[in-house]
Amino acid sequence: MSTARFIFDTARRSADLYYATRLATPDPFIYFEINRKKYIVIKDTDIVQAKKSARVHKVLSLSHYSKKAEKRFKKPSQIDILDTIFKEFRVKKLEIPPDSPFDFIDQLRKRHYKIIVGDIPLYPERTLKTKEEKKFITDAQKTVFTAMGLAEKALRSTTIRKNLLYYKGKPFKCEDLRSIINVELLSRGYLVPEGTIVSCAKNSFNIHATDMGLLRPHEPIIIDIFPRSMSSLYCGDATRSFCVGKAPDKLKKMHAAVKASQEHAIKNIRHGVNGKDIHAGVHKVLESYGYKTGETAGLMQGFVHSTGHGVGIEIHDVPIRIGPVDEILKTGMVVSVEPGLYYKSIGGVRIEDLVYVTKNGCEILGRFHKRLEIL
Amino acid sequence: MSKARFIFDNAAVNTDLYYATKFVTAHDPYAFFEYKNKKYLLLDMLEVGRAKKEAKVDKILTVQDYREDIELRKGNPGDIADVLQVVFKKYKITTIEVPPSFPISFAQVLKKRGFKVQVGSFPFYPEKSKKGPAEKKVMINAQKDVFKLFAFTEKILKKSKIKGNRLYYEGKVLTSEFVMFQLSVEMLKMGYNPKDSLIVACGKDGADPHNLGSGPLKPHQLIIVDIFPRSEKTYYCGDATRTFCKGKAPEKLKKQYNAVKKAQEYGIGLIKAGANGRIIHEKIVKYFEDLGYKTGEINGSYQGFIHGTGHGIGLSVHEYPPFIAAKDCKLEAGQIVSVEPGLYYKGIGGVRIEDLVYITKTGCEILAGYPKKLEIL
């Protein structure tokens with residue numbers, strides 16, 4: 001009796017499926033792996049593409065199996081077709097991703113398949129990036145910084161009138177700047193599945209601000225760019241904080257603290273280190289600057305999120321995280337380092353880079369300055 | 001038995017969840033349950049402020065409120081399952097109904113903690129198919145934006161010059177990729193997500209409804225343009241298709257175009273509450289056959305009217321039910337469906353014309369509107 005790793009999904013949704021096959025057709029296909037041999041069962045219209053780009057042992061035709069299933073079942077359902085395939089390959093035990101649909105898996109169980117719910121990622125080696133993957137992420141990160149540069153240039157070309165910024169004669173809105181960034185990403189072959197964040201002043205207090213509004217001088221502006229390549233499917237992710245015109249001292253101090261805490265974290269990241277200690281170190285630096293984290297006036301304020309997360313095919317490459325839980329970092333991981341401070345009365349500051357963990361330290365992917373003021 | 005309906009997902013992706021709460025958190029999934037006709041959210045403290053303003057629910061619970069008790073008991077703040085266990089116990093919930101797509105691992109965790117897990121219907125909220133006045137308005141606006149993109153496309157085709165069997169726009173060979181890129185940029189500016197929302201397919205490509213199109217656009221050939229973006233503000237979708245021909249169209253193309261145009265108008269005339277989608281679809285197939293356009297295998301490939309007549313649409317481009325296709329489906333007032341017959345022949349190319357309609361008791365209303373003209377000279 002053999003166990004097969006089994007995924008039925010689209011490669012754009014399932015990072016494990018894309019990792020295993022390197023095939024990114026928009027429609028779902030069947031994938032299984034037995035004794036280290038990988039198989040794809042796919043509809044006829046996608047077969048040519050699959051044979052060309054899928055890194056698998058064999059590409060099989062779905063219509064072949066649905067015809068075969070018709071001999072046993074009147075109008076074969078998806079489950080009937082799968083049953084036909086697995087019978088041919090003598091598979092009785094399936095290892096599946098934990099986010100597989102409950103209903104679908106239940107139906108397989110009813111056909112007496114033994115189900116083993118695997119982990120995220122189904123391929124744990126996916127967290128350790130190969131040279132090729134590192135290049136994909138570096139390329140994505142360079143694109144992020146090109147767009148960041150363009151955003152900075154746009155902010156620099158504004159004029160301050162009272163408490164507003166004017167761009168090409170009109171009040172400059174967060175969504176205008178966001179659109180400048182997104183168009184640049186698009187023209188370079190990158191999409192923004194979950195949107196670029198551009199937030200200003202008190203709105204920047206909300207770390208998830210998709211909030212729109214006007215850009216203002218002498219206030220914090222957070223720009224967080226995290227696109228995904230349409231060709232490699234790998235992601236980049238970086239954040240910078242700006243202030244157009246002179247920054248108030250309070251903001252300057254906050255920015256200096258965040259920058260110091262980020263650099264402190266990057267200095268300490270290397271193979272074998274515990275992410276929990278890195279995260280605690282960030283808190284310590286911020287506290288040394290006098291910034292406390294906790295509940296004030298019913299709101300969590302200060303450094304309210306984790307220090308970082310894994311990045312790869314997914315923008316949050318689960319499960320890697322640099323936060324309050326144990327996570328031993330290993331050579332080959334790519335993680336974000338993104339401390340931030342958020343206070344209701346001032347707004348937010350966040351600085352983020354991606355690093356590639358090595359034996360003795362880490363490499364920063366791509367380069368972009370961390371100056372706050374745009375004068 | 002006290003049963004609650006439960007979803008744990010990202011509302012930007014899970015349309016049932018968004019339908020139920022009208023609340024989206026940027027990246028993270030959140031917990032929602034409906035119990036004794038009341039809706040509850042269980043959120044991280046960070047999201048509570050905004051949820052109070054935006055979410056259409058009865059009660060908002062904060063994860064952190066339960067963590068302390070769990071920490072006292074377990075020695076650590078616990079995970080979301082620990083929190084849910086406490087919350088469900090408090091409300092005396094014993095059975096949990098989840099959507100069919102609910103993650104198997106989460107279902108197992110809930111089972112292990114003594115809850116009964118049942119699979120609910122698909123869609124989880126069937127009433128989602130019937131649009132209220134606000135939803136209808138939002139979708140009319142999306143459709144108007146889609147038609148702005150058609151006007152934009154036509155302008156590019158109009159400005160293009162024919163040289164040999166190529167089109168030139170601003171001195172460069174006009175391609176599917178160029179038009180799609182320009183449309184994507186416009187979409188972004190208008191607040192739509194351009195991901196997987198475009199087909200610009202010419203000639204042979206257009207003969208295959210799954211082909212998104214690539215390479216040079218050619219004169220005197222059929223160009224199918226299908227635009228179906230989702231708004232990043234409202235999360236609702238628009239969807240329309242027009243078929244163009246740059247330069248004079250050969251008679252064969254004109255004839256095929258007019259057949260589809262008339263079939264679409266005929267289909268729209270058949271739609272009303274109570275009608276069966278299957279019968280409407282069969283009537284259109286018959287209509288094409290009477291005009292001499294057959295559907296079936298020709299030279300080893302499936303040609304003719306090779307897809308359904310229409311699909312439901314709302315928070316996702318394809319929202320089933322309703323559908324107007326080979327399966328029985330009773331149409332209901334308030335539903336919005338696409339009407340998009342097409343004809344596809346290998347030697348000629350493809351024609352598809354698509355509009356969205358809002359179904360009423362006595363007929364249907366077309367959402368927004370745009371001319372149906374083949375030739376762009």
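Chain naming here is simple, since letters A, B, ... match the order of the sequence lines and numbering starts at 1 in each.
Neither the backbone nor the side chain of A/R228 has a heavy atom closer than 4.5 Å to any heavy atom of chain B. With a threshold of 4.5 angstrom between heavy atoms, B/D196 approaches chain A through side-chain atoms but not through N, CA, C or O. Neither the backbone nor the side chain of B/N76 comes within contact range of chain A, judged by heavy atoms closer than 4.5 Å. When heavy atoms are compared at a cutoff of 4.5 Å, A/V117 approaches chain B solely by way of its side chain, counted from C-beta outward. Within the 4.5 angstrom heavy-atom criterion, no atom of B/A12 approaches chain A. Only the side chain of B/V98 comes within contact range of chain A, with heavy atoms under 4.5 Å apart. Heavy atoms closer than 4.5 Å to chain B are found in the side chain of A/I96, but not in its backbone. Within the 4.5 angstrom heavy-atom criterion, only side-chain atoms of A/D27, from C-beta onward, approach chain B. Of the two parts of A/L191, only the side chain, counted from C-beta on, holds a non-hydrogen atom closer than 4.5 Å to a non-hydrogen atom of chain B.
Summarising the geometry of A/L186 relative to B/V185, their closest heavy-atom pair is CD2-N, 3.7 Å, with the distance given to 0.1 Å. The shortest non-hydrogen separation linking B/L188 to A/V183 is CD1-N, 3.8 Å. Between B/P103 and A/P98, the shortest heavy-atom contact is CB-O, 3.7 Å.
Chosen from B/V117, B/L212, B/V13, B/N211, the residue pairing most often with chain A at heavy-atom distances under 4.5 Å is B/V117. Counting heavy-atom pairs under 4.5 Å between each of B/Q64, B/M45, B/K195 and chain A puts B/M45 at the top.
Taking NZ of B/K189 as the reference point, atom CD1 of A/I180 lies at 10.0 Å (rounded to 0.5 Å). Considering CG of A/D99 and OG of B/S105, their distance stands at 7.0 Å, rounded to 0.5 Å.
For B/E232 and A/R178, the salt-bridge test passes: some basic side-chain N is under 4.0 Å from an acidic carboxylate O.
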